[in-house]
Amino acid sequence: MKRRQFLELTFLTSLTLASNPPFIYGRGKRETPLKVLILGLDGLDPNLVSRFIKKGSLPHFQRLISQGGFSVLGTSIPPQSPVAWANFITGMDPSGHGIFDFMHRDPSNYLPVFSGTLSEEPKKKISLGEWVLPLSRGQIKLLRQGKAFWQILEEHDIPSVISRMPSNYPPAQTKQRSLSGMGTPDIMGSYGIFNYYTTESGEINPDIGGGRIHQVYVIGHQVEASLPGPVNPFRRDRPEATLDFKVYLDPVYPVAKIVIGHEEFILKEKEWSGWRRVEFPLIPGKSVRGICQFYLKEIRPHFKLYISPVHIDPANPVLPICTPADYSRELVAHLGLFHTKGLPADTSALDNNVLNEAEFLHQDNGFLEENLAMLDFELQRFHSGLLFFYLSSTDQRQHMFWRFLDENHPAYDSQLARQFGQEIENIYIQMDQLIARIEKYLDKKTVLIIMSDHGFNPFIRGFNLNTWLFETGYHKLRNPWVQDKGSLFEYTDWSRTKAYGLGLNGLYINLKGRESQGIVNPGSEYEHLVRELANRLEAIVDPLTGKKPIYKAYITREIYKGPYLNQAPDIILGFNWGYRISWSSPLGKFPSEVLEFNRQKWSGDHMGAAELIPGILIANRKIVHPAPSLTDVTATIFDLFGLQIPLEMKGRPVLKIS
Amino acid sequence: MSIVNLWLKTFLDILFFPCRSFSPWIALIFISFLTGLFLLAVYKVFSNQQKIKIAKNRIKAHLLELRLFSDDLVISLQAQGQLFFWNLKYFLQVLRPLVIMVIPLSFLLSHLNLWFAWEPMPPGERMIVKIKLKEGVNLQNFNISLESTEGYEVETPPLRIEAEKEINWRIKALKSGKFEMPFWFDNQKITKEIIIGSNSWQRLSPVRPASGLIRELLNPGERPLSDSLIEEIVISYPSRRLNFFGLKIHWLIAYFFLSIITGLILKRPLKVEI
Amino acid sequence: MGKAKIKIDKNLFERIKKYAGIAGYSSPEEFITHCLEKEVAKLDEAESEEEIKKKLQGLGYIS
Ligand SMILES: [Zn+2]
């Protein structure tokens, strides 16, 4: 951390401390007889844990399991992280909390929307020439329904710290300390958009998701470019705010200086900058602050500069990322700047060859270190109640490195496998070392729970749901010859379309009265159609492998009964081992083949049927329940604190208290 | 110039010595108080106190006149003319002490800047060191190197920026203390002072300038360079802001404010007409 | 609100005048404004779709 920041922050903290004596957070200060520490390791797979334990790679896991217990943990349907963690947060199934996928659709226009968050612009505005001034406040709303377990604990005066919990942006209201995780956008309001500046034309396909490629030129040993920022809502034409920057290159040595806003720093070739502050001006006196990392990939022969997605600055958050409002600032004061975007690992940059494997790992290791430092910091003051801490690196590494576990994976590369074939095992070993690292904080009254939301399987074949619907006649296009062009159902003829696929596991019926141009009548026509589709989907056979791509097509009405069922897809696809939805079907595209190989580096995934890819539960207490699931862990929390399990929760306690 | 700088530097070093272990606020309040006193003294000595008093009284009188006879156009106009005349007289009276004050004050300000405007980089942090060359010097043929010492490590080769006539290095602070940075060119050594520290308040010199009246006035921290090719050597110390109940303010604002308050409070007891 | 003038082909304008009356607009101006507004709104929407796509695409699971 820079000295200046440090001073600013120490001062800020001392102010906070002065105005908030020890019982700063109001409610939730009871001394509990037991302490509950939960580590949420996204995607930690029970099969791999067993395999690596047998190999002897995970001694601390092994010891923990021998003292307590180990079980597979039933995941959600579908087993996507936002859904699964919401099950855990609320103790309810998706029809109780309303999160069914990473993305939902707006039935009024068939467009995808974020499932977890609603951002609304101010309703009242006035225009003054080029400018637009808001007269009311816009709002950002958490769409997850139901109470979070820590909100209920708080009602019973039990303190908790909830760090980086997925499906909790903006964080649920509480006086306890919480920091949002997966679902927290970057400063563009997106899931993450990096910027890449290169003099080599055609190096990277400019039309990629998750990043922008900028062609730049070196003129007189200088590069001038600009970093795109958020949309400027104060301007009538809503342009993107931008921040110009200059890079000065030495004529001979591989070293350059970057000057951007108030920041000025020198990087050698292949060096990372660490976090740098950037500020996008909107109107005089108002700007948006963020933080990002620079990586000078190459100076010669080609100039190549990577800039990470711009994260919300935790020292000056423009969006609500924590409770209480000064919590992130307090963390910065003690730990320096840290990432705030959910799922920070830049998988898009790796998938599109902007970063290579080593560069990707370097960056994600940095994020992991930031998290571990934060965990240490919270553990040092963990004296009562509950501490939940979430890590995403386990999930993200398995997504990107699964291709090296299997020589037959279409994205397998023997040379890279020699170098990075151990990476999945390595991240499991790092988690094993984490257990050792936190051991000193575990006393007799601390219950340790390690859990994951789902397991993993290879992603070898992709299923184009929308193409299948088109080929079988359930989905009609206005001009069939543009089938593989366009996206977001650009060419769909809704007046003749009965079903469409959107999101990672969802199939929706074009239902009259719900969809704006619905044609399928509710009642028996709908019931029959759903049944028919489910049967036909489950009967599909992949001619190449002889396997069924869809292991189970869940009819949502049959498995869920909660109040938010009306927002659910009508069918949730549970894919077979090795299969997943294709890359482009989720956003309403129609590639030519129904089934295709996945040749991307993103090579492991978890969109299968829930029974195929359960998560894991490990604890330092005996597990008494034979087949626990995510909602049972929630029930266990209440049980451990001696509280009645809330009525709306379905789970049963699974740990033996002794 | 150098003599004045040396004298002022020593004076402030002695003055601030007891304050060094406290917050910079203590020293700032102290020096602002002294400045206020000094300004009053200059004022008293170099202005005609009697004439100022007369001018001020006349201004007050005409103001009153304006208010009382606001209906009468002729009297109003006359009063306004008089008001303008006496304002001018007052201003001329004040001008002399002001001009006399400006010179020592600007010396003092650039010295105080060394104390209050920057803070040292703590060990482990990185900063940029720049050499700015004079117009017309060819950067490519200018072979200069910077050596690491026990206080810092030079992490990059020289970065030559033709457009800015600059050579930059990145250094990493290693150890608290005051060190000399040795630059070598043409078998000649020139040096620049660098201070690394974690939480001490002390005088920092971000710039070692070439000789020249203005340059030396603005950058009084170190002896000017005698070499004719280099314009200045700069260390990018982070700038310091003073904390005023959560507000981060530049020291100059606090300084002027405090000096003026001192002046206003002390003018009565010291019988100074301003 | 300010007004701006634009040039339009005379023949086209004659036809617009004819149909404006038939379609129940009070003046050709009203007809033209209505048509243009409709087209511009379409473009606006297309842009926001592009915005939606970009925002979602950072999610590693889709492309
Ligand atoms: Zn995942």
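Annotation: side chain to side chain contact (heavy atoms under 4.5 Å, CB included) contacts of C/E30 (sequence neighbours excluded): C/Y25, C/S26, C/S27. Listed by chain and residue number, C/I8, C/D9, C/R15, C/I16 satisfy the side chain to side chain contact (heavy atoms under 4.5 Å, CB included) test with C/L12 (two or more places apart in sequence, or in another chain).
With a 4.5 angstrom heavy-atom cutoff, A/I581 does not touch chain C via any of its atoms. With a 4.5 Å cut-off on non-hydrogen atoms, A/F194 does not touch chain C at all. Heavy atoms closer than 4.5 Å to chain C are found in the side chain of A/M607, but not in its backbone. Contacts of A/M103 with chain C are made by side-chain atoms alone, with heavy-atom separations under 4.5 Å and no backbone atom involved.
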Heavy-atom donor-acceptor pairs under 3.5 Å, chain C with chain A:
unit_1	atom_1	unit_2	atom_2	d
C/K53	NZ	A/S487	OG	3.0
C/K55	O	A/Y191	N	3.0
C/Y61	O	A/R580	NH1	3.2
C/Y61	O	A/R580	NH2	2.7
C/Y61	OH	A/H399	NE2	3.0
C/Y61	OH	A/H606	NE2	3.1
C/S63	N	A/W583	O	3.3

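Note that CZ of A/F114 and CG of C/L56 are 5.0 Å apart. Values are rounded to the nearest 0.5 Å. With values rounded to the nearest 0.5 angstrom, C/L59 atom CG is found 6.5 Å from A/L504 atom CG.
At most 12 heavy atoms of other shown residues, nucleotides or ligands fall within 6.0 angstrom of atom OH in C/Y19.
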